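Heads up: the structure comes next, in structure tokens.
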Amino acid sequence: QAQLVESGGGLVQAGGSLRLSCAASGRTFSSYYIGWFRQAPGKEREFVAAITWRVGSTYYADSVKGRFAISRDNAKRTVALQMNSLKPEDTAIYYCGAAPLGSNLFREYDYNSWGQGTQVTVSS
């Protein structure tokens with residue numbers, strides 16, 4: 001059973017930075033995407049970024065390109081999301097999830113494991 005645990009959320013002013021981490025355990029993820037999604041109050045969960053565990057190919061939502069960077073550390077079994085130039089509209093609960101390669105990595109329903117989420121609040 002895969003387990004994903006997010007950390008690193010918090011309160012930051014607009015223009016600031018935060019680094020989220022997703023610790024993965026319980027299975028081999030070499031044939032998986034690890035993705036970050038976020039959900040703001042009253043809105044649906046939306047794709048933010050994803051990375052392939054083995055090769056490290058990266059994918060981003062247009063709204064975060066150039067500001068966010070996803071990376072993985074295979075030895076530590078962690079996936080990080082570095083968030084720079086944060087905006088109030090980035091405020092949400094951020095979740096990491098795992099989806100098998102070949103899935104639609106942009107769609108939350110293709111992810112079969114999720115963490116509990118970490119709150120990110122950006123003040124104006």
Side-chain angles (χ1 to χ4, degrees):
Q1 183 75 15
Q3 290 187 332
L4 302 171
V5 179
E6 303 94 337
S7 61
L11 173 64
V12 64
Q13 288 189 332
S17 299
L18 279 175
R19 185 176 179 87
L20 305 184
S21 182
C22 174
S25 63
R27 67 163 302 134
T28 300
F29 290 95
S30 58
S31 297
Y32 276 75
Y33 302 105
I34 301 297
W36 284 96
F37 283 69
R38 65 188 181 187
Q39 187 166 20
K43 295 188 177 181
E44 294 186 349
R45 193 173 295 192
E46 65 173 1
F47 172 79
V48 176
I51 189 167
T52 59
W53 189 270
R54 187 170 62 87
V55 177
S57 300
T58 58
Y59 309 84
Y60 295 96
D62 288 343
S63 59
V64 306
K65 278 181 183 175
R67 300 189 298 123
F68 290 11
I70 189 171
S71 61
R72 90 265 190 250
D73 185 325
N74 288 1
K76 294 183 178 179
R77 296 173 64 84
T78 58
V79 173
L81 184 68
Q82 178 66 43
M83 305 186 297
N84 300 323
S85 302
L86 282 161
K87 305 175 181 180
E89 52 263 42
D90 294 318
T91 295
I93 299 175
Y94 283 70
Y95 299 90
C96 67
L101 291 181
S103 303
N104 183 339
L105 61 93
F106 301 103
R107 190 171 63 185
E108 68 166 303
Y109 298 107
D110 282 47
Y111 287 73
N112 53 29
S113 298
W114 290 99
Q116 82 289 349
T118 186
Q119 177 72 48
V120 171
T121 303
V122 184
S123 62
S124 57

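Because the structure is predicted, anything quoted here is derived from the model rather than measured.
- When the ring pair (Phe, Tyr, Trp, His ring centres under 6.0 Å) test is applied to Y94, no partner is found at least two apart in sequence or on another chain.
- Contacts of R107 classified as side-chain hydrogen bond (donor to acceptor under 3.5 Å, both in side chains), with partners at least two apart in sequence or in another chain: D110.
- Judged by distance alone, with hydrogens and angles left aside, the side-chain atoms of Q116 form a donor-acceptor pair with the main-chain N or O of E6 at under 3.5 Å.
- To the nearest 0.5 Å, atoms OG1 (T78) and CD1 (I34) are separated by 10.5 Å.
- Counting Ile, Leu, Val, Met, Phe, Trp and Tyr side chains that sit under 4.5 Å apart, directly or through other members, V5 stands alone, with no cluster partners.
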Side chains of residues 7-22: which donor-acceptor pairs under 3.5 Å do they make with residues two or more places apart or in other chains?
residue : atom : partner : partner atom : Å
S17     : OG   : N84     : OD1          : 2.9
R19     : NH1  : Q82     : OE1          : 3.2

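- The minimum heavy-atom distance linking L86 with R67 is given by the pair CA-NH1, 3.9 Å.
- A92 approaches A40 most closely through the heavy-atom pair CB-N, 3.8 Å.
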Could you tabulate the donor-acceptor pairs under 3.5 Å formed by side-chain atoms of residues 58-66, not counting sequence neighbours?
residue : atom : partner : partner atom : Å
Y60     : OH   : I70     : N            : 2.9
D62     : OD1  : K65     : NZ           : 3.2

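- In this structure, T121 OG1 and D90 CG are separated by 11.0 Å, a value rounded to the nearest 0.5 Å.
- Under the rule for a side-chain contact (heavy atoms from CB on, under 4.5 Å), the partners of Q3 that lie at least two apart in sequence or sit in another chain are S25.
- Pairs passing the disulfide bond (SG atoms under 2.5 Å apart) check and including a residue from residues 60-91, sequence neighbours excluded, do not occur.
- One finds the CG atom of L105 at 7.5 Å from the CZ atom of F37 (value rounded to the nearest 0.5 Å).
- With sequence neighbours excluded, the residues that form a side-chain hydrogen bond (donor to acceptor under 3.5 Å, both in side chains) with Y32 are R27.
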Quick one: do T91 and Q119 satisfy side chain to side chain contact (heavy atoms under 4.5 Å, CB included)? Show the steps, please. CA-CA 8 Å; T91 295; Q119 177 72 48; 4.1 Å; yes
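- Side-chain contact check for Y111 versus Y95: every heavy-atom pair is 4.5 Å or farther apart.
- Not a single donor-acceptor pair under 3.5 Å links the side chain of Y33 to the backbone N or O of G97.
- Sorted by first then second residue, the disulfide bond (SG atoms under 2.5 Å apart) pairs that include residues 49-90, not counting sequence neighbours, number zero.
- By the salt bridge (Lys or Arg N to Asp or Glu O under 4.0 Å) test, R77 is found to be paired with no residue, residues two or more places apart in sequence or in another chain being considered.
- For W53, the ring pair (Phe, Tyr, Trp, His ring centres under 6.0 Å) partners are F29, not counting sequence neighbours.
- Smallest separation of non-hydrogen atoms from L4 and A24: CD2-CB, 3.6 Å.
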Taking only distance into account, with no hydrogens and no angle test, what donor-acceptor pairs under 3.5 Å do side-chain atoms of residues 42-52 form with protein atoms, sequence neighbours excluded?
residue : atom : partner : partner atom : Å
E46     : OE2  : R38     : NE           : 2.6
E46     : OE2  : R38     : NH2          : 3.2
T52     : OG1  : G56     : N            : 3.0
T52     : OG1  : S57     : N            : 2.9

